[in-house]
Amino acid sequence: MRIDKFLKVSRILKRRTVAQEAADAGKISVNGKQVKPSYRLKPGDEVELSYAAGAMRFRVLELKETVKKDEASSLYEVLP
């Protein structure tokens, strides 16, 4: 699954276009490497998303095309 779609499906970012813009701006890295919006995620990948106020690190646990709102957080695990 593409990183931009995963960020939307997991509800980490609200819209896919926001995820694409973040990737284009170099604010998303997977396993320590900056990626484009089309990067293919795999379970076990560690993603870092930079915000203006800080950063969020998480590990991808599962990839699903669609999930319900309450199940979205089961797709990833937040890292310290």
Side-chain angles (χ1 to χ4, degrees):
M1 175 182 289
R2 291 170 52 117
I3 182 108
D4 57 347
K5 185 169 183 180
F6 178 81
L7 291 171
K8 182 217 177 269
V9 169
S10 64
R11 292 172 171 78
I12 292 171
L13 294 176
K14 288 199 182 267
R15 293 188 316 273
R16 193 167 173 178
T17 53
V18 173
Q20 289 170 341
E21 291 166 3
D24 287 335
K27 296 183 177 185
I28 301 174
S29 61
V30 178
N31 300 326
K33 182 181 170 198
Q34 285 187 353
V35 296
K36 295 182 183 237
S38 61
Y39 180 82
R40 293 279 175 191
L41 274 181
K42 300 172 283 310
D45 281 346
E46 291 188 14
V47 180
E48 184 167 350
L49 180 60
S50 300
Y51 294 105
M56 175 184 183
R57 290 183 60 227
F58 61 90
R59 179 177 297 118
V60 178
L61 299 177
E62 194 176 358
L63 299 175
K64 287 187 180 179
E65 292 294 317
T66 58
V67 291
K68 293 183 177 156
K69 188 175 184 179
D70 13 331
E71 297 171 359
S73 62
S74 70
L75 299 178
Y76 61 92
E77 161 190 41
V78 177
L79 301 172

Side-chain donor-acceptor pairs under 3.5 Å in residues 19-34, sequence neighbours left out?
residue: Q20; atom: NE2; partner: D4; partner atom: OD2; Å: 2.9
residue: N31; atom: OD1; partner: E46; partner atom: N; Å: 3.0
residue: N31; atom: ND2; partner: D45; partner atom: OD1; Å: 3.1
residue: Q34; atom: NE2; partner: G26; partner atom: O; Å: 3.2

In residues 70-80, what donor-acceptor pairs under 3.5 Å come from side-chain atoms, sequence neighbours left out?
residue: S74; atom: OG; partner: E71; partner atom: O; Å: 2.6
residue: E77; atom: OE1; partner: R59; partner atom: NH1; Å: 2.9

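Atom CZ of R2 and atom CG of L7 lie 11.5 Å apart (nearest 0.5 Å).
Grouping the Ile, Leu, Val, Met, Phe, Trp and Tyr side chains by contacts below 4.5 angstrom, directly or via other members, places L41 apart from L61.
Within 6.0 Å of atom NZ in K69, 12 or fewer heavy atoms from other residues, nucleotides or ligands are found, so the atom counts as exposed in its surroundings. Around CZ of R15, the count of heavy atoms belonging to other residues, nucleotides or ligands within 6.0 Å does not exceed 12.
Listed by first and then second residue, the ring pair (Phe, Tyr, Trp, His ring centres under 6.0 Å) pairs involving residues 5-53 amount to none (not counting sequence neighbours).
For the pair M1 and K64, the minimum side-chain heavy-atom distance is 4.5 Å or more. V47 is not listed as a side-chain neighbour of I12, based on a closest heavy-atom distance of 4.5 Å or more.
For K8, the salt bridge (Lys or Arg N to Asp or Glu O under 4.0 Å) test picks out no residue, with sequence neighbours left out.
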